[in-house]
Amino acid sequence: MTGTPRTLAEELRTRTDRGLVGLLRARPDLLNPVPGDVTQLATRAGTRASVVRAVERLDRFVLQTAEALAVAPDPCPYDTLGALMAGDAGDPAVAAELPRAVAELRAQALVWGPDDRLRLVRTARELLTPSPAHPSPTGLGPTVAEAMAGMSPGRLQEIIAAAGLPTTHDPVTAVGALTTLFADRVRMAALLDTAPAEAVAVLDRLLWGPPYGAVTDRPAPHLQWLLDRGLLIPAGARNVVLPREAALHLRGGRAHHAAEPVPPALSPATERDPQLVDNAAASQAFTALATVEELLKEWDLGGPAVLRAGGMSVRDLKRTATALDTTEQLAAFWLELAYAAGLIASDGEADERFAATPAAEEWLQLPDHARWAELAAGWLAATRAPGIVGTADAKGRALAVLGPHLDRSPAPEVRRRALALLAALPPGTAVPATAVLARLRWERPLRGGAPAVGQLPADGDGAPAAPGPADDLRSRLAQWTLAEAELLGVTGRGALSTHGRALIDSPPDSTAPTPAETTGAATRAAALLAPLLPEPVDHVLLQADLTAVAPGPLRRPLAEALGVLADIESKGGATVYRFTPGSVRRALDAGRSAAELQEFLAAHSRTPVPQPLAYLIDDVARKHGQLRIGAAAAYVRCDDDALLSEILADRRAATLRLRRLAPTVLAAQTSPDQLLDGLRAMGYAPAAESAAGDVLIARADSYRTPPRTAPAPAPDGPPSPDPTLLAAAVRAIRAGDLAATAERKPVQAPAPAPGGFPRTTSAETLATMQAAVLTNSALWIGYVNADGAASQRVIAPVRVEGGFVTAYDHTSDEVRTYPLHRITGVAELADDSV
């Protein structure tokens, strides 16, 4: 194609395949479904939803460039755009970065045309052009022509006369003369030199926006001076507006108060020893594993009930926080972390409750570094935001942990980008969170609500205050990301760790890595973390005060066995376990004998078993099982009738409603479990027995949900397409464009249908197809599929037989077979069309 493109579609046709691939990668929503040709691609690229998504992903300077184009003449020369961005004084940084910004807008099909005729896509111009309902970040108002639309011709002549311009014969030339005056720096400066000081002060207050103000029915003299010369133009019954051309003169030609061509620096930077950072991150990673493991242990027999609306109650969250010895907000994070990794879920029963999943059992058997990798990968890809737990939803209801409505689709992108900024720093370097937030706001500036129309008092004093920055979602997500990365051990002392760098490693051109890439990065991160984690120990140190000290993380079988025999008293670098009568009885209930407990402690202690601990085990074992409880409703059996008489005489047994059936048997009007708990509360050590009279081993069976998969992230728009899909899409678009634009030889009567498809008789179609097979030439056909949808295609027939034609379809880039009766007509292509 030669000459200047007249439309976006024509401009897209001139792009190389690499250029189209870049457009489709930057705007993947254009691929669903794949456009049939370049015209469809251009049409879809100009739809409001697609343009909004593209604009939201621009960095601040590229967005400022688009905003400047929206207030510039259409089309806009590159030099005019440069003047709007840099002002009359110029700015070397703006001049250096402006080509990149224009190239980015071109690449995303938001701007098209040569440098002397830059055009912003119509939908983007509508979105970014200032209006009373949607003010622009530029703070500019309407043009003189827009503001004076509908003004009476007489009033127009009065205004240009007051501005020192000769009168004209029509409103159009009057508006043009005033526009030229405001754009002329010399004449405009001379006009403002005659303005009252109060009038200049009013212009200064409206200069950077909002450009609207209010006046009374009888404006003050300095306001009337501005109204008479068109420097303020009525915008309603009591409102006035500063026209765009006048504001640009007062600003020195700048569209923005401050252009930001370069991102804010990540400073001040604090350099730390990378090894210390890795050690701190590894220590926190081990703590994270211990916390999640403790959560699973706490829910081993089943977790709390699921609320009717979904999620956990506030009371259950408080209980979980107490069990984990943390705050409710941190407990919400650990719960959501385990949920994202697929370790906990609801069981789906009638009385629904949360519990560990079967995957939790497999996770517990993995090495520590592999367990951490699963947690980190799940956190990085999750769209759920634990930070909003407890806040109100749109209906004023508090959002519950593990409940619905916690998904925030930008979360994965914000997490990755925040960590990528830390990865760009030298190893061991930390920066304040405010610096990271400032950079993220520059990369994805959020467009806040429109400022209110300013209210000018009657005397022109005072000015409306500009609204402050909003606490937007992305900023909160970034703050939570930095805090959660520290809790998870991705960062240490504010700096990204070595294994954290490996975790976010992905191809440079991949904004959203594939699951395979994420898994590979997590595996590499786990390998780097493994040497930093403490080695599990296989021994404890028993002490005379009925405690045991674990000098490090215990091996899993030892930790599980000791967790039954003793209670955890304190955690930290060394875990302290305390032996009590209740904990020893718990071990005996699990089927261990006193001798086995003594042997276990002797085998795993680096110190001798203290005498008080041996006495405690023997004393509890001697009493254990002396009383036997079974189901009658429930009964107590004991060979010592004096002991049963003692129980009957005890007032605390009144609630158990016991009565003697025989000298050695008592019956109770309560369940066996309640009878066991009641007698244990009275200080006895009963044991449950089966119907055959054997002691029941109270080995707690773990409760697990049915198989569950981890929650799927809520996508933030379509996924990033892979290179294979992009290449195939470009081939399909090129082929479809060929079918739509190829030059055809004239088709003999009958004429083409109104839809533009060729129409030929069956005999003509068959003859033309057979001739094309012999000459190996391409044809243009109209085709109607089984659903009745008509399309046009360019094919190269290979074989015609049995009422079917086999041909290479240039449109779909494949060999296909078409029934001849579904072909509406056929026409030959010009020799140079294919």
Side-chain angles (χ1 to χ4, degrees), residues 55 58-74 76 80-89 91 94 101 120 124-148 179 182-183 185 188 192 199-215 223 226 230-236 239-261 441-442 445-457 460-470 472:
V55 168
L58 301 177
D59 67 49
R60 188 178 300 278
F61 186 64
V62 178
L63 179 59
Q64 287 182 328
T65 303
E67 291 164 350
L69 282 170
V71 298
D74 186 32
C76 174
T80 302
L81 174 62
L84 285 171
M85 294 299 296
D88 296 342
D91 187 332
V94 169
L120 193 63
R125 177 172 289 276
E126 293 173 355
L127 288 171
L128 300 176
T129 298
S131 69
H134 302 286
S136 166
T138 61
L140 292 170
T143 63
V144 172
E146 293 168 345
M148 288 187 168
T179 300
F182 289 168
R185 296 286 188 265
M188 185 65 169
L192 291 175
V200 175
V202 170
L203 296 178
D204 288 341
R205 285 193 289 272
L206 296 176
L207 182 58
W208 296 106
Y212 293 89
V215 295
L223 291 177
L226 295 171
L231 293 170
L232 288 181
I233 300 175
N239 294 328
V240 293
V241 64
L242 176 64
R244 186 181 305 169
E245 293 85 353
L248 287 173
H249 170 82
L250 295 169
R251 296 179 176 193
R254 288 182 294 163
H256 295 86
H257 189 278
E260 299 181 53
R441 289 194 187 102
W442 186 90
L446 294 183
R447 314 258 318 275
V453 175
Q455 296 295 323
L456 283 177
D461 295 332
D472 58 80

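Looking only at side-chain heavy atoms (C-beta outward), F182 and L248 stay at 4.5 Å or farther from each other. Side-chain contact between R60 and W442 is present, with at least one heavy-atom pair separated by less than 4.5 Å. Between V55 and E67 there is no side-chain heavy-atom pair separated by less than 4.5 Å. You'll find the side chain of T143 stays beyond 4.5 Å of the side chain of T179, heavy atoms only.
Of all the heavy atoms in P130 and S136, the pair that sits closest is CG-CB, 3.6 Å. Here the closest heavy-atom approach between residue L128 and residue A66 is recorded as CD1-CB, 3.7 Å. Across all non-hydrogen atoms, the minimal contact from T138 to A255 is CB-O, 3.2 Å. Looking at every heavy atom in both residues, V62 comes nearest to L58 through CG1-CD2, 3.8 Å. V144 and P243 make their closest contact through CG2-CB, 3.8 Å (heavy atoms, listed as atom of the first residue, atom of the second, distance). When all heavy atoms are compared, the tightest approach of A259 to P261 is O-CD, 3.3 Å.
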From CA spacing to verdict: side-chain contact (heavy atoms from CB on, under 4.5 Å), L203, L192 | CA-CA 10 Å; L203 296 178; L192 291 175; 4.0 Å; yes
So R251 and L140, side-chain contact (heavy atoms from CB on, under 4.5 Å) or not? Walk me through it.
-> CA-CA 10 Å; R251 296 179 176 193; L140 292 170; 3.4 Å; yes
Which is it for V241 and L206 under the side-chain contact (heavy atoms from CB on, under 4.5 Å) test, yes or no, and what are the steps along the way?
-> CA-CA 9 Å; V241 64; L206 296 176; over 6 Å; no
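Remark: R125 pairs with D74 by the salt bridge (Lys or Arg N to Asp or Glu O under 4.0 Å) rule, at least two apart or across chains. Not counting sequence neighbours, the partners of R244 by the salt bridge (Lys or Arg N to Asp or Glu O under 4.0 Å) test are E146.
Of the inter-residue distances, the one linking L69 atom CG with L84 atom CG reads 8.0 Å to the nearest 0.5 angstrom. Put simply, CE on M85 and OG1 on T65 are 4.0 Å apart, with the number rounded to the nearest 0.5 Å. Rounded to the nearest 0.5 angstrom, T129 OG1 and H134 NE2 are separated by 12.0 Å. Annotation: the span from W208 atom CH2 to L242 atom CG amounts to 11.5 Å, rounded to 0.5 Å. The CG atom of L207 sits 7.5 Å away from the NE2 atom of H257 when rounded to the nearest 0.5 Å.
Results of the side chain to side chain contact (heavy atoms under 4.5 Å, CB included) test with L226 over I233, V240, L232, V200 single out L232 as the only residue that passes.
At least one donor-acceptor pair under 3.5 Å links the side chain of Q64 to the backbone N or O of A258.
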